[in-house]
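The structure appears right after this line, and notes come after that.
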Amino acid sequence: MQALLDVILPVFMVIGFGYVAVWRGWFSQSGVDGLMKFTQGFALPCLLFVAIARLDLGQHFEWRMLLSFYAGALAGFFLGMFGARFLFGRPWEDCVPIGFCCLFSNSLLLGLPLTERAYGADALEANYAIIALHSPICYGVGITAMEIVRAKGRTGAGFVMRVAKAMFSNSLILGILLGLAVNLSGLPLPGTVNDALDLLVRSALPAALFGLGGVLASYRPEGDLRLVLFLCLIALVVHPLITRGLGLAFALPVEATRSAVLTAAMAPGINAYIFASMYGRAMRVAATTVLVATALSVLTVWLWLAQLP
């Protein structure tokens with residue numbers, strides 16, 4: 001119960017503040033759009049840039065942790081996609097965004113603050129290693145699958161260019177790549193630049209959490225509720241369960257296990273809805289899944305925290 005009060009509720013209260021502010025009309029939808037444009041386009045890419053630029057790549061890129069997390073994520077994607085097709089009879093172009101809901105955990109907006117509150121700022125190094133690959137892998141898988149479906153299995157140079165263009169127009173991926181470039185080059189950033197980035201980074205998560213609440217307030221529970229609950233089961237239970245099982249099989253260290261399982265247990269992020277919007281498919285299912293899973297994760301994250309070492 002203490003973890004629920006001290007770790008989980010403060011984070012979800014900030015989301016709740018944003019939700020209520022928009023719901024009651026105290027904060028406009030255009031204000032939310034501007035806030036999310038700032039956080040998604042500037043503050044969060046700067047956060048990732050700074051974190052990856054300063055990350056000890058040799059120490060924190062633990063292959064067992066990454067394999068445990070991403071095996072669970074990919075299993076979730078295929079379970080969601082094939083389940084939507086063969087259990088719920090959705091067309092293939094809907095199935096890919098539906099599967100993406102089970103692939104893209106909210107590792108940034110929920111995973112970082114919850115891990116920090118549970119285990120301290122030092123625990124975030126492992127989270128950043130996961131996040132460094134998160135957008136490239138998830139968008140790469142999702143975009144590739146969608147383009148294959150749309151091209152009816154035909155690939156070629158144009159297919160590769162469409163995938164590359166969609167990935168490298170994502171500001172989060174650009175922030176990660178620039179951070180890796182600085183890290184690998186060993187070139188120090190000027191002190192004034194570091195100070196300016198730190199100021200910007202400190203605003204990223206609180207503003208993004210408040211904005212996330214505002215975004216969720218604009219969603220309406222619509223679509224196939226059975227399908228939504230199926231996706232919530234995969235995202236909130238199956239993904240972290242696979243990650244936990246593989247972590248035990250690989251004898252993953254405690255610190256890496258915590259970051260991997262807790263990140264896997266996060267609800268789908270708004271990127272699930274953004275991905276569906278990119279293609280105009282399964283948008284109602286994606287929006288409802290993000291909303292319902294975020295609400296359910298207050299309980300499921302508490303349960304996962306209780307069983308972690």
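When reading the values below, keep in mind they use all heavy atoms of this one structure, side chains included, and skip hydrogens, waters and symmetry mates.
Listed for the Asn106 side chain is no donor-acceptor partner under 3.5 Å among the backbone atoms of Gly269. The backbone N or O of Leu252 sits less than 3.5 Å from a side-chain atom of Thr257, completing a donor-acceptor pair. Listed for the Arg64 side chain is a donor-acceptor partner under 3.5 Å among the backbone atoms of Phe250. Not one N or O on the side chain of Trp23 forms a donor-acceptor pair closer than 3.5 Å with the backbone of Gly18. In this structure, Tyr128 contributes its side chain and Leu112 its backbone to no donor-acceptor pair below 3.5 Å. Formation of a donor-acceptor pair under 3.5 Å by the His239 side chain with backbone atoms of Ala73 is found in this model. Under a 3.5 Å cut-off, the side chain of Thr289 and the backbone N or O of Val228 do not form any donor-acceptor pair. The closest donor-acceptor contact from the side chain of Thr144 to the backbone of Val141 lies at 3.5 Å or more, if one exists at all. No donor-acceptor pair closer than 3.5 Å links the side chain of Ser297 to the backbone N or O of Thr300.
Of all heavy-atom pairs between Ile52 and Ala132, the closest is CD1-CB, 3.5 Å. Phe49 approaches Gly179 most closely through the heavy-atom pair CD1-N, 3.3 Å. The two residues Val290 and Pro268 come nearest to each other via the heavy atoms CG1-O, 3.8 Å. Of all the heavy atoms in Pro206 and Val14, the pair that sits closest is O-CG1, 3.9 Å. Gly72 approaches Ile242 most closely through the heavy-atom pair CA-CG2, 3.7 Å. Here the shortest heavy-atom pairing between Ala272 and Ala286 reads O-CB, 3.9 Å.
Taking CG from Leu47 and CG from Leu200, the interatomic distance works out to 9.5 Å, rounded to the nearest 0.5 Å. Note that OH of Tyr70 is 14.5 Å distant from CG of Leu246, once rounded to the nearest 0.5 Å. One distance of note links OG1 of Thr263 with CH2 of Trp304; it measures 13.0 Å at 0.5 Å rounding. Going from atom CG of Leu110 over to atom CZ of Phe12 covers 5.0 Å, rounded to the nearest 0.5 Å. To the nearest 0.5 angstrom, Glu125 atom CD is 11.0 Å from Phe61 atom CZ. Leu44 CG to Leu108 CG: the interatomic distance, rounded to the nearest 0.5 Å, is 5.0 Å.
Relative orientation of the Phe27 and Phe210 rings is perpendicular, given thresholds of 30° and 60° on the angle between their planes. The aromatic rings of Phe82 and Trp92 sit perpendicular to each other, their planes meeting at more than 60°, with 30° as the lower class boundary.
Contact of the Tyr119 side chain with the Ser259 side chain is not registered, since no non-hydrogen atoms from C-beta on lie closer than 4.5 Å. Within the 4.5 Å cutoff, no side-chain heavy atoms of Ser107 are placed close to those of Met266. Taking the side chain as every heavy atom from C-beta outward, Ile130 and Leu66 approach each other to under 4.5 Å. Side-chain contact between Leu227 and Arg90 is present, with at least one heavy-atom pair separated by less than 4.5 Å. Phe88 places none of its side-chain heavy atoms less than 4.5 Å from the side chain of Cys95. A 4.5 Å side-chain heavy-atom check between Ile176 and Pro136 finds at least one atom pair inside the cut-off. Tyr139 is listed as a side-chain neighbour of Asn271, based on a closest heavy-atom distance under 4.5 Å. Counting only heavy atoms from C-beta outward, the side chains of Met65 and Pro253 never approach each other to under 4.5 Å.
Partners of Leu303 under the side chain to side chain contact (heavy atoms under 4.5 Å, CB included) rule, at least two apart in sequence or in another chain, are Leu299.
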- request: Check the pair Val261, Gln307 against side-chain contact (heavy atoms from CB on, under 4.5 Å), reporting the backbone distance first and the verdict last.
  value: CA-CA 10 Å; Val261 174; Gln307 67 85 43; 4.2 Å; yes
message: With side-chain contact (heavy atoms from CB on, under 4.5 Å) as the criterion, how do Leu231 and Val285 come out once you've worked through the C-alpha distance, each side chain's angles and the decisive distance to 0.1 Å?
response: CA-CA 10 Å; Leu231 300 179; Val285 171; 3.9 Å; yes
- request: Give the C-alpha distance, both sets of side-chain angles, the deciding distance and a yes or no for side-chain contact (heavy atoms from CB on, under 4.5 Å) between Phe77 and Cys138.
  value: CA-CA 9 Å; Phe77 173 72; Cys138 292; over 6 Å; no
message: Set out, in order, the CA-CA distance, both residues' side-chain angles and the distance that settles side-chain contact (heavy atoms from CB on, under 4.5 Å) for Asp33 and Met36, then state yes or no.
response: CA-CA 5 Å; Asp33 293 341; Met36 293 308 290; over 6 Å; no
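One finds a salt bridge joining Glu147 and Arg150 here, because a Lys/Arg side-chain nitrogen approaches an Asp/Glu carboxylate oxygen to under 4.0 Å.
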Which atom pairs, one a donor and one an acceptor, fall under 3.5 Å between side chains of residues 184-197 and the rest of the protein, sequence neighbours left out?
unit_1	atom_1	unit_2	atom_2	d
Ser185	OG	Ala181	O	3.1
Ser185	OG	Val182	O	3.0
Ser185	OG	Leu187	N	3.3
Asn194	OD1	Arg54	NH2	3.0
Asn194	ND2	Leu189	O	3.4

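Connection of Val298 to Met13 is established within a shared hydrophobic cluster, with ILVMFWY side chains joined at heavy-atom distances below 4.5 Å, either directly or through further cluster members. Linking ILVMFWY side-chain heavy atoms closer than 4.5 Å, directly or via other members, places Met81 and Phe86 in a single hydrophobic cluster.
Taking the six-membered ring wherever Trp is involved, the centroid distance between the rings of Phe104 and His134 falls below 6.0 Å.
When the shell of 6.0 Å around CZ of Phe42 is examined, it contains 12 or fewer heavy atoms from other residues, nucleotides or ligands.
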